[in-house]
*Asks:* 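Take a look at the following structure, please.
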Amino acid sequence: MRIRGARLPARRHAAGTAAAGGSGGRAGDDASGDGPPDDGPGPRGRGSAREGALSSAWARGAAALLAGALPALAFPAPGLWWFAYVALVPWLLLIRGARSPRRAALDGWIGGIGFVVAVHHWLMPSLHVFIVLLAALLGLLWAPWGLLVARLLGGSPSAGRAVAAVVVVPSGWLMIELVRSWEGLGGPWGLLGASQWDVAPALRVASVGGVWLVSLLVLAVNTGVALLVADRAARRTGGVLLAVCALSVAAVWAWAPRPTETGAVRIAVVQPGVVEGPGSVARRFDRGEELTRALRGRGVDLVVWGESSIGAGAWERPETARRLAGLSRLVGADLLVNVDARQTDGSGRSGIFKSAVLVGPDGPTGDRYDKMRLVPFGEYVPARSLLGWATSVGKAAGEDRLRGDRQVVMTLPDGARGLRIGPLVCFETAFPDMSRRLVRDGAQVIVAQSATSTFQHSWAPAQHASLGALRAAENGRPMVHATLTGISAAYGPRGERVGRPLGTDASTAEVFDLPLAGGSTLYNRLGDWPVYGSLAALAVLCAVEGLRALRRLAPGPPGPPARTAHGSPGSPGH
């Protein structure tokens with residue numbers, strides 16, 4: 001039987017050509033322009049040129065590793081804060097050009113490894129090879145983010161998809177920051193928003209939504225810039241979205257509540273400097289005592305010593321309490337010292353605690369705060385039965401410290417006008433919720449005691465000190481960051497620097513005149529609302545993608561029956 005219409009093979013060929021993108025459209029786009037990318041962004045000629053340089057899996061992996069490490073330059077000590085707003089663009093473009101979801105996830109993972117290593121590189125002398133394993137595990141958090149970036153930025157994004165990208169890509173990153181903020185994974189060190197600690201508009205944003213909102217802003221700008229660079233059709237949308245970001249910051253600057261000054265307080269920081277060799281603990285105590293004596297007659301309300309300023313041996317001797325009480329009487333102010341020694345807490349637990357202890361003219365006042373969030377490996381070894389071997393390859397804690405069970409607000413005597421202070425110890429300043437809780441409990445000044453002498457010649461001291469500006473701006477309260485060996489610093493209630501910071505080469509005492517403030521910031525009232533907003537944005541995306549998947553799986557309406565050459569309905573087998 002001769003079948004008319006030899007067009008059927010031609011029609012099949014045309015369908016194959018359209019499926020392959022041969023019509024000149026963007027590869028990987030569906031009819032709406034919102035489909036996931038299959039073969040990379042842009043026209044084929046441009047995509048092929050890009051892929052030529054990264055055709056090797058090793059070359060692409062090295063590019064992802066480097067791209068992920070770039071944002072570290074925005075943090076202290078390099079302090080290229082402006083670079084944070086474009087530092088992620090190479091990484092976003094690399095993931096956007098992935099030829100498959102698997103490759104996008106791999107680019108996200110490898111870039112995450114680069115980010116973790118670069119931001120925590122100063123831990124290498126302590127953790128050695130373990131930091132590579134840690135980075136590989138934490139880097140997995142960026143694999144789903146890679147899929148998200150490829151889905152929303154791949155191909156030629158429509159206006160709707162571009163808007164979704166500027167909202168959802170930052171939200172995905174914020175979920176990574178939230179997960180790794182758990183202290184068991186190292187805590188919230190290197191949150192991208194923290195790179196903006198010295199930028200007044202960003203600090204105003206922090207007063208509204210904390211460091212989380214600043215991170216979202218930085219990611220949104222990076223995503224908008226990636227849209228400008230990646231696709232000509234998306235440039236107008238990207239430009240409009242960047243303008244919206246700028247207008248939002250301007251609105252926050254103009255209308256967000258500002259703390260109102262209610263007075264001032266004089267707080268002295270004692271930084272003995274680097275003391276090494278035999279008897280270093282005792283000699284550091286002697287130096288701290290000498291510097292404190294020099295504060296006599298300067299009218300200070302509080303003297304703050306750094307973390308572990310008093311070791312186990314000294315704290316066990318009654319003479320130590322008498323010497324500290326004598327210093328308090330001489331200076332006319334209480335001392336906030338820090339003890340790293342075996343003690344018993346209020347509930348009867350005995351072990352090594354790291355404690356902030358308030359000492360007055362008659363000795364310890366009874367006000368004591370035991371550190372709650374300990375540094376993994378530095379102060380305890382997680383799952384010691386499994387990971388105890390880390391003590392043999394690095395400087396991991398030989399014995400676990402014990403945790404405190406509550407935060408404490410201390411009230412100074414009437415001579416200091418009943419000032420209420422909220423102590424934090426070491427990397428607890430990296431946790432926004434802890435300083436917020438202290439201020440909500442009535443703290444007028446946040447006081448942090450730290451020691452980064454192990455990392456004296458790295459980026460760690462500057463990066464640690466910078467966190468005080470964010471905690472002050474978030475809560476509208478001044479903050480003091482006191483260390484043993486630098487960098488010690490003080491910040492006003494808007495996050496502005498107060499006085500002269502003490503560098504890592506200084507052995508001295510410094511008095512800071514801190515403005516007190518009243519009122520409440522939006523962040524202190526509302527808490528981590530940007531985190532919940534990001535969760536909602538991701539939930540909406542998942543719901544939309546789920547509905548699309550269901551529509552694709554649903555059976556379509558039956559088509560017209562096929563007909564034979566003579567016009568009669570066809571039957572199977574004929």
*Asks:* Kindly compute the distance separating CD (E474) from CG (D528), expressed to the nearest 0.5 Å.
*Replies:* 8.5 Å
*Asks:* Measuring from atom CG of D107 to atom CG of L65, what distance do you get when rounded to the nearest 0.5 angstrom?
*Replies:* 11.5 Å
*Asks:* Taking all heavy atoms of L438 and all of V409, pick out the closest pair and write down the distance.
*Replies:* O-CG2, 3.9 Å
*Asks:* So that I can tick it off, tell me whether D433 and R437 are bridged by a salt bridge, with the cut-off set at under 4.0 angstrom between side-chain N and carboxylate O.
*Replies:* no
*Asks:* Is the shortest side-chain heavy-atom distance between N338 and K354 below 4.5 Å?
*Replies:* yes
*Asks:* Hey, are R403 and D370 close enough for a salt bridge, meaning a charged N less than 4.0 Å from a carboxylate O?
*Replies:* no
*Asks:* Can you check whether V408's main-chain N or O pairs, donor with acceptor, with D441's side chain at less than 3.5 Å?
*Replies:* no
*Asks:* With rounding to the nearest 0.5 Å, note down the distance linking CD1 in I176 to CZ in R180.
*Replies:* 8.5 Å
*Asks:* What verdict does the side chain to side chain contact (heavy atoms under 4.5 Å, CB included) test give for V425 and S450, after you've listed the backbone C-alpha separation in whole Å, the side-chain angles of each residue and the deciding distance to 0.1 Å?
*Replies:* CA-CA 6 Å; V425 181; S450 179; over 6 Å; no
*Asks:* Any side-chain to backbone donor/acceptor pair from R494 onto A473? Under 3.5 Å, distance only.
*Replies:* no
*Asks:* I need the single residue from L147, I95, V116, V149 that forms a side chain to side chain contact (heavy atoms under 4.5 Å, CB included) with W142. Which is it?
*Replies:* V116
*Asks:* Check whether any side-chain heavy atom of W91 sits under 4.5 Å from a side-chain heavy atom of R96, and report yes or no.
*Replies:* no
*Asks:* Start with the C-alpha gap between W212 and S181, add the side-chain angles, then the distance that decides, and say whether side chain to side chain contact (heavy atoms under 4.5 Å, CB included) holds.
*Replies:* CA-CA 11 Å; W212 312 113; S181 291; 3.5 Å; yes
*Asks:* Write down the atom of G155, the atom of D231, and the distance for their closest heavy-atom approach.
*Replies:* O-OD1, 4.2 Å
*Asks:* Where do L192 and L219 land on the side chain to side chain contact (heavy atoms under 4.5 Å, CB included) test, with the steps shown first?
*Replies:* CA-CA 8 Å; L192 203 57; L219 261 294; 3.2 Å; yes
*Asks:* For a side chain to side chain contact (heavy atoms under 4.5 Å, CB included) check, start with the C-alpha distance between H481 and Q449, then their side-chain angles and the critical distance, and finish with the verdict.
*Replies:* CA-CA 6 Å; H481 181 81; Q449 298 171 297; over 6 Å; no
*Asks:* Is any side-chain heavy atom of L242 closer than 4.5 Å to a side-chain heavy atom of V225?
*Replies:* yes
*Asks:* Rounded to the nearest 0.5 Å, how far apart are CG of N524 and CG of N475?
*Replies:* 5.0 Å
*Asks:* Quick one: does R500's side chain have a donor or acceptor within less than 3.5 Å of a partner on F512's backbone?
*Replies:* no
*Asks:* Is D198 salt-bridged to R497, cutoff N-O under 4.0 Å?
*Replies:* yes
*Asks:* Could you pull out the closest heavy-atom pair between R471 and I446, with the gap in Å?
*Replies:* O-CD1, 4.3 Å
*Asks:* What heavy-atom pair brings I131 and H120 nearest, and what distance separates the two atoms?
*Replies:* CD1-O, 3.3 Å
*Asks:* Got a sec: does the CZ of R102 have more than 12 other heavy atoms crowding it under 6.0 Å?
*Replies:* no
*Asks:* Would you give the length of the straight line joining atom CG of L70 to atom CG of L80, rounded to the nearest 0.5 angstrom?
*Replies:* 11.0 Å
*Asks:* Do the non-hydrogen side-chain atoms of S355 and Y369 ever get within less than 4.5 Å of each other?
*Replies:* no
*Asks:* Centroid-to-centroid, F115 to W173, below 6.0 Å?
*Replies:* yes
*Asks:* Can you tell if the side chain of M410 reaches within under 4.5 Å of the side chain of L336, non-hydrogen atoms only?
*Replies:* yes
*Asks:* Please check: side-chain N/O of R161 versus main-chain N/O of R151, any donor-acceptor pairing under 3.5 Å?
*Replies:* yes
*Asks:* Please examine the side chains of E307 and K371, heavy atoms only from C-beta on, and report whether any two atoms are closer than 4.5 Å.
*Replies:* yes
*Asks:* Taking the six-membered ring of F431 (Phe, Tyr or Trp), confirm whether the NZ or CZ of R373 is under 6.0 Å from its centre and within 45° of its axis.
*Replies:* yes
*Asks:* Go through the steps for W189 and F75 under the test ring pair (Phe, Tyr, Trp, His ring centres under 6.0 Å), then give the verdict.
*Replies:* CA-CA 11 Å; W189 192 273; F75 295 93; 8.9 Å; no
*Asks:* Are the side chains of S215 and E177 in touch, meaning some heavy atoms are under 4.5 Å apart?
*Replies:* yes
*Asks:* Check G172 against L148 and note the closest heavy-atom contact, atom names and distance.
*Replies:* CA-CD2, 4.0 Å
*Asks:* With a 4.5 Å limit on heavy-atom distance, are the side chains of P272 and W305 in contact?
*Replies:* no
*Asks:* If you count the non-hydrogen atoms of other residues, nucleotides and ligands that lie under 6.0 Å from CH2 in W109, is the total more than 12?
*Replies:* no
*Asks:* If you measure from CG on L467 to CD on E428, what distance do you get to the nearest 0.5 Å?
*Replies:* 12.5 Å
*Asks:* Within the side chain of R266, is there an N or O that forms a donor-acceptor pair under 3.5 Å with the backbone of L302?
*Replies:* no
*Asks:* Can you tell me which residue among T429, T483, T452 is in a side chain to side chain donor-acceptor pair (under 3.5 Å) with H464?
*Replies:* T429
*Asks:* Give me each pair satisfying side-chain hydrogen bond (donor to acceptor under 3.5 Å, both in side chains) with a member in residues 246-260, each pair once, sequence neighbours excluded.
*Replies:* none
*Asks:* Which of these, V167, L178, V168, L216, sits in a side chain to side chain contact (heavy atoms under 4.5 Å, CB included) with S534?
*Replies:* L216
*Asks:* Hey, does the side chain of Q271 reach the backbone of S507 with a donor-acceptor pair shorter than 3.5 angstrom?
*Replies:* no
*Asks:* Considering residues, nucleotides and ligands other than R236, do more than 12 of their heavy atoms fall under 6.0 Å from its CZ?
*Replies:* no
*Asks:* Could you tell me how the ring of H121 sits relative to the ring of W459: parallel (under 30°), tilted (30 to 60°) or perpendicular (over 60°)?
*Replies:* perpendicular
*Asks:* Tell me if a side-chain donor or acceptor on W197 pairs with a main-chain N or O of G468 at a distance below 3.5 Å.
*Replies:* no
*Asks:* Do side-chain atoms of R525 reach the backbone of S520 as a donor and acceptor pair under 3.5 angstrom?
*Replies:* yes
*Asks:* Where do W81 and Q196 come nearest, in terms of heavy atoms and distance?
*Replies:* O-NE2, 3.0 Å
